[in-house]
Amino acid sequence: MRVLLVGAGGVGGAITRIATRRPFFETMVVADYDPARAEAAVAALGGDARFTAEQVDAGDEAAVTRLLARHRCDVLLNATDPRFVMPLFRAARTAGATYVDMAMSLSRPHAERPYEECGVKLGDEQFAQAADWEKEGLLALVGMGVEPGLSDVFARHAADELFDEIEEIGIRDGANLTVDGYDFAPSFSIWTTIEECLNPPVVYETGKGWFTTEPFSEPEVFDFPEGIGPVECVNVEHEEVLLVPRWVDARRVTFKYGLGREFVETLKTLHLLGLDRTGPVTVPGPDGPVAVSPRDVVAACLPDPATLGERMHGKTCAGTWVRGVKDGEPREVYLYHVVDNQWSMTEYGSQAVVWQTAVNPVVALELLATGAWSGAGVLGPEAFPARPFLDLLTDYGSPWGMREQ
């Protein structure tokens with residue numbers, strides 16, 4: 001396997017640190033718009049000759065296609081933010097390469113009824129091309145991070161081994177992470193966080209299909225395992241709700257994020273001020289007017305999440321809560337994966353949130369390399385058997401857990 005990794009930020013850097021310990025691939029080309037960032041990611045690996053640094057603009061489809069061909073890469077792993085999903089997705093198909101991402105093509109709210117009906121849903125642009133990928137015998141494995149990704153694997157595992165009927169699948173994400181020295185310091189990309197938290201959340205129900213609600217709706221307190229404890233969770237737009245029902249039979253699917261009241265209020269303020277917008281606004285500059293995206297300015301004003309590991313304390317938990325019936329009896333479980341920041345920093349030099357996101361696409365690549373996973377078309381993690389993934393994740397030294405509710 002020869003991999004082109006596009007994006008050498010926090011998650012991309014963690015991917016290289018995890019992958020360098022595994023023997024399943026021949027080459028990994030680490031490419032970034034900033035060549036110094038790609039070079040730093042490779043240099044941190046202590047001379048592993050399988051890794052090479054390159055410069056590429058993820059939005060330049062032709063340049064990415066040429067890079068895939070020049071290095072004879074048969075896989076493109078997308079570790080950029082969702083703005084670049086479609087050019088990278090198309091470049092992989094043009095080059096005849098397998099495509100893997102951790103976030104899907106962007107949504108657009110319904111023009112008249114944004115908090116009732118879906119407009120363009122997450123992943124719609126990718127699924128529109130599914131027949132072409134399948135016809136050409138190519139695979140696009142979409143949403144293969146932690147959430148979406150591992151959470152979807154948990155949903156498939158529940159359907160295959162734990163339940164006869166599933167009433168509800170609810171992804172529940174929470175943490176007790178703190179960052180020394182900052183009043184507000186998101187542990188993941190603020191660009192992506194704003195996108196998913198301020199868009200209308202999507203809910204799926206049998207007979208009704210996909211529909212939307214108000215941002216931060218249906219608050220509930222969920223008790224997270226391994227000492228994290230109760231955290232208030234709210235509805236947030238996320239890919240799992242668009243992926244799980246395509247392959248898993250469940251009457252209702254939701255995603256709720258444990259953001260905390262202060263974080264929610266900060267996001268609401270950004271929206272109120274228009275600072276969540278991605279379109280450019282014109283501001284004065286020393287050499288004349290400059291067009292800038294307000295959301296990019298917010299991101300530039302906050303610390304890079306990849307650099308916060310030394311200041312972070314606590315744990316992060318990603319998991320899938322499932323309610324249904326097994327052997328005629330009601331059952332309720334929470335399948336989860338917890339990462340302690342102290343462990344991930346000591347073991348890999350990566351903070352917990354980016355490491356937890358990064359480990360899952362590496363596990364998936366290994367399953368594809370060995371043939372344990374295979375397929376054609378645009379497929380989510382639910383389209384593949386869960387057990388090989390969960391066993392290999394444990395072999396990576398990061399076991400998952402299950403709690404009967």
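Computed from a predicted model, the values in this text were never measured in an experiment.
- In summary, E218 and K256 engage in a salt bridge, as defined by a charged side-chain N under 4.0 Å from a carboxylate O.
- Across E125, E195, E237, E239, a single residue satisfies side-chain hydrogen bond (donor to acceptor under 3.5 Å, both in side chains) together with S107, and that is E237.
- Remark: A352 engages T316, V339, N341, S344 in a side-chain contact (heavy atoms from CB on, under 4.5 Å) (not counting sequence neighbours).
- Aromatic pair F154/Y336: ring centres not closer than 6.0 Å.
- Every pair passing ring pair (Phe, Tyr, Trp, His ring centres under 6.0 Å) that includes a residue from residues 123-145 is listed here, sequence neighbours excluded: F89-W133.
- Residue pairs meeting the side chain to side chain donor-acceptor pair (under 3.5 Å) criterion with at least one member in residues 141-150: none, sequence neighbours excluded.
- A salt bridge (charged side-chain N to carboxylate O under 4.0 Å, His left out) check over residues 376-389, counting only residues at least two apart or in different chains, returns the pairs E161-R387, R387-D391.
- Here D395 pairs with R22, L392 under the side-chain contact (heavy atoms from CB on, under 4.5 Å) rule; sequence neighbours left out.
- The shortest distance between side-chain heavy atoms of I166 and E168 does not fall below 4.5 Å.
- The salt bridge (charged side-chain N to carboxylate O under 4.0 Å, His left out) pairs that include a residue from residues 65-78 are E54-R70, where partners are two or more places apart or lie in different chains.
- Cation-pi contact between K208 and F211: present, with separation from the ring centre below 6.0 Å and deviation from the ring axis of at most 45°.
- Between D276 and R295 there is no salt bridge, since no side-chain nitrogen of the basic residue lies less than 4.0 Å from a carboxylate oxygen of the acidic one.
- Taking the centre and axis of the six-membered ring of F25, the NZ or CZ atom of R50 falls inside the cone set by 45° and 6.0 Å.
- You'll find the side chain of L379 reaches within 4.5 Å of the side chain of L139, heavy atoms only.
- The shortest distance between side-chain heavy atoms of D60 and V56 does not fall below 4.5 Å.
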